[in-house]
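Right, one structure below, let's go through it.
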Amino acid sequence: MFDFYFEIPLVIRLFLQGLAVIMVIFPIAGACSMAERKVAAWIQDRPGPNRAVVPWVAWIPFLGTFLQRLGIFHVMADGGKMLFKEDSLPGHVNKFYFVLAPIVAMIPALTTVVVVPFGAYLDAAGKIIPVGLAPLDVGILAVFAVSSLGVYSMILAGWASNSKYPFLGSVRASAQLISYELSMALSVLPVFLWVNAPGMEATMGFGRVVEFQSQPGFLGGMWFGFLMPLSAFIFFVALFAETNRQPFDTVESESDLVGSFHTEYGAFKWGLFFVAEYSHMIVGSGVFMLLFGGGWNPLPWVPLADLVGWLAQITPLASHPLFVGVLSISIFLGKVLAMIFLFMWVRWTLPRFRYDQVMKIGWQRLLPLSIANLLFYAIAIAFIQK
Amino acid sequence: MAVITVERKPLTFLERTYLPQIAGGLKTTLKHLVAPKKTLEYPEQRPAIPTGYRGVPTLVMDPNGREKCVSCQLCEFVCPPKAIRITPGEIPADQPDRAHVEKGPKAFDIDMLRCIYCGLCQEVCPEEAIFLQNQFSMSGYSREEMVNHKDRLYELGGTLPDAHFKWDKKKAAEEHGNAH
Amino acid sequence: MIATAKPDLVTVNIDGKEIAVPKGTNVIEAARLVNVDVPHYCYHPKLTIVGNCRMCLIEMGMPAVDPATKAPIMDPATGKQKINWIPRPQIGCGTNVSPGLHVRTTTPMVKDAREGVMEFLLINHPLDCPICDQAGECKLQEQATGYGRGYSRFIEDKNVKPKRTQLGPRVTLDDERCILCSRCIRFSKEIAKDDVLGFVDRGSYSTLTCFPGKKLENNYSLNTVDICPVGALTSTDFRFKMRVWFLKQTNAIDTESSVGANTVVWSREGTIYRITPRRNDEVNDTWMADSGRVLFKAVQAPDRLSAVKINGTDSAFDIAINAAAELFKANAGAVAVVGSGRSTVEEQFLTKQLATALKASTHLVSRVGEGDKLLVSADRNPNVRGALVTGLISTLPGVKLVDLGAQIDAGKVKVVVTVGEDLAAAGLNAGQLAKISLIVLGTHAKSMDGGAKVVIPTLTAFEKSGTFVNQQFRIQKFLKAVPPMAGATDDLIVLAKLVGAAGGATIPTEVNALWKTIAAAVPALATTTFANLPETGQLLDATPFSALPFVEGETLHYKPAQPVVAAANA
């Protein structure tokens, strides 16, 4: 029924798919900034933003009011404001790099999505096929490689701003990202050692990781978060640091650095930095869920295939690839959003670490821990898979 | 002075990882996430004004609707930020119920951009004519708009009960008193 | 002045402090010398003593002597002579010092006496301080803080007396506030020599009033307001205008005549509200004429000049100076300067410099009126003697500008600079004015301004500092009370610029700096500086001018050296 789609030339198809993903990520990132305000307000016993409303929505009884109270129209209001604000360019900045920086911020944020599968469907043979823009075998390597480029935008912004606080902020950003990237990379290695079992085709892709968490049996259905809790923990902490989230947001600590690398930015360029940050969070959360949270599997020991099987008993329509795709994407997205909520919850709970503490945690605690963790699992996996 | 040495207990391993504390913090914030909201949604919901609240200074009239201020200018004198400006004037003889007061303000301006709501004007007023009442929100589009003139001050102040009727008593004494 | 013979001194002891005071001093004045304040209402240093307020009650005693031997009786406890204290308090104002007099002002008896007097004074007082103009400078208020009860034990009805009575054109009376001190009555009788006030009725019904058919309308009536210790007599002009505690006091000189009465100008934020006399026992005691108290109204008069004009059109100051310079250049040798007896010494000095630089003849406008033998003299110019001292003129000015008129008629004068004088009023006729190019420095619009080449607005005496030399050749300074009106320029700056335009030297225009130049140039003022000029003024040597026929008759503290010449106004 959707065959016509597959008759479209591949380039256009991929373009459409990419566009679709961006059209989803971008608003979600924007909505996250709204959700952030709302979560902050709730945690602080406030109602939060609840004023903006589109007139004809306000006319809908109950729902209109509910949406208004939820503050979702503030996303539009904020976005519109950012878009139509005067985009001032300070006189003392290096204009080319200054304008380039927010663009550079967006590129890795959106590029990493390419390799992250965000759902799955069952093919005719009942085999789970991951849905993604480009399910590459390099998977995690591509994510690490490209997402690290994000720091260049901060360095560019800080340097081009030609102002001391942005510059200090960007220096902090580069140091922090390098510090935590090591632990992050080391923490995921056990997962890939496990999924690249002897006799299998080697891969760094995410499809196999999720597949391994969807196997039958106690150990097979166990998500890696339970199997390798320390790895998950290290990845989780490093993820906070990599995305510059509280308590690791020394880069943006307004008390000592004003607004850090975006001090001199305003209007839409400023907004782009934030969309990039939330995109990083979304992708990072997605990677975490794929590696340690069972991907699109609804529950531990309940793989997607089982769920589809049960639903198919109710209605045969449930086994339709389209339905499975939407179901899996929804499950995955739900997990990612839960993860983002966790980010926010932590942000409005914990105070910021001092910069030296950040460095100390990164190099003296997390890195040795991740090396020990790697050694332990390497030896353990060697024994088990011998 | 006795010195009490308090032993500083070394942190346990768990404490040094911060993790139990972080978990405790998350628990606390989660409670607040679902707790009822403590703030007021201001323009629609107004706070309850406690008695003795010092809002915008206003001029009040006595229960007979007469101006109480006699423009003694003590409030102008005591006003720390010099927000009050009074032009005194004589009450014309054609106001039979007020002419015996002799003096009243020709103009009475309070610059609300200067006012610090200290209430000294109310405290110093010998005629109980100026009160800081419940109005707390003053806004305007220009500096001039933020100056409360006499009319506005009386509009804001309204009428308050009077325990003394000082000038009425004076007039009664003048008419029926110990005259020679 | 001739040094008075040293008076006999009497040593008295006030609150334990010994002081030698001239014989005849009363206890209030003696106590003032040792900084002991004896409260009083009816006593006034320049009026006779009646002792009717009883506020100045003090305890008094004399050293004890043995009645038989006249030997001092010693107090064995202290080893000093015993003091026989009078068992009842005495009034301080009516008691003159005598040798060995001991006075105590801080004892419980004195305090009780004062509190008793205060309570009685306040029994019928209306306590309407909020609407009373005297509030802030009211003796009753002041003493009530020291000796008042804070509440009244008087539960009966207060007396009702006339309120808002117009005693005269300038004085309003509120009889309820009157404490019957009789200062105003004594002033009218003794100083103003216009006996119009008196008390009628008795006891607590006593009321101040004018004698039937009379009004308090002499030219000194407002002094009764000044000396009234309470708010009974108030100035109709100042009534309900401003509270006195807002007013800034600036020492000034009355410019209405050559008496040079010392005054205080009371102003707030650039607006003058009233003028009161300032005590100077050598000039005006504590009085001044009513006519001098309204002079401040000229500052904000509607006919004040506020724009520099050239040929009747608005211009700028520098352009006007340039225009004057061109006039000077084009008419070199044909310039006359009309100075003013109303200008300050400094301005007259600069006017003289201007005349010297222009090689111009100088003229002064005479103003002669009738002296009232008190504080308004016949010469209504406050500073003719300043012009003599600075050399602006060497003889007294004639009644009309006859010389100048003749010079104009003869074509010898083509440009006239007038410093604040109205030439038409001073005697030049329209034909003469039409012949000359006029440069006017002035404060108010005048009849000939329309035809003037250059008009530069200058300042009134309230907007600048300076000095006047009064009829006694006493140089007295006054200070700037209010900021200059926008558009007007200090006379000194204008004159100094004109001197520059005439090719003269640069002269400082700040008063203190200018005085160095004046002291160097004028021998009579060689030792004088503006800053060090005493508040009471400084007498200059009058002998070089003793031959001049000054027009002043006798006034308070002034006797003419010459018999008064039958002046033209006689």
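The sequence lines fix the lettering, A, B, ..., with proteins before strands; numbering per chain opens at 1.
- Cation-pi check for A:Lys335 over A:Trp223 is met; the charged atom lies under 6.0 angstrom from the ring centroid and within 45 degrees of its normal.
- Heavy atoms of B:Leu40 lying under 4.5 Å from chain A are absent altogether.
- In terms of heavy-atom pairs under 4.5 Å with chain A, the best-connected choice from B:Thr39, B:Leu26, B:Thr17 is B:Leu26.
- Under the 6.0 Å distance and 45° angle rule, A:Arg352 does not count as a cation-pi partner of A:Phe248.
- At a 4.5 Å heavy-atom cutoff, the contact between A:Arg51 and chain B is made by side-chain atoms alone.
- For A:Trp348, the part lying under 4.5 angstrom from a heavy atom of chain B is the backbone only.
- Ring centroids of A:Phe66 and A:Phe62 are separated by 6.0 Å or more, keeping the two rings apart.
- Around atom CD of B:Glu44, more than 12 heavy atoms belonging to other residues, nucleotides or ligands sit under 6.0 Å away.
- Residue contact with chain A, scored on non-hydrogen atoms closer than 4.5 Å, is absent for B:Gln21.
- Using a 4.5 Å cut-off between heavy atoms, A:Leu350 touches chain B through its side chain atoms alone.
- The distance between the ring centers of A:Phe353 and B:Tyr18 falls below 6.0 angstrom.
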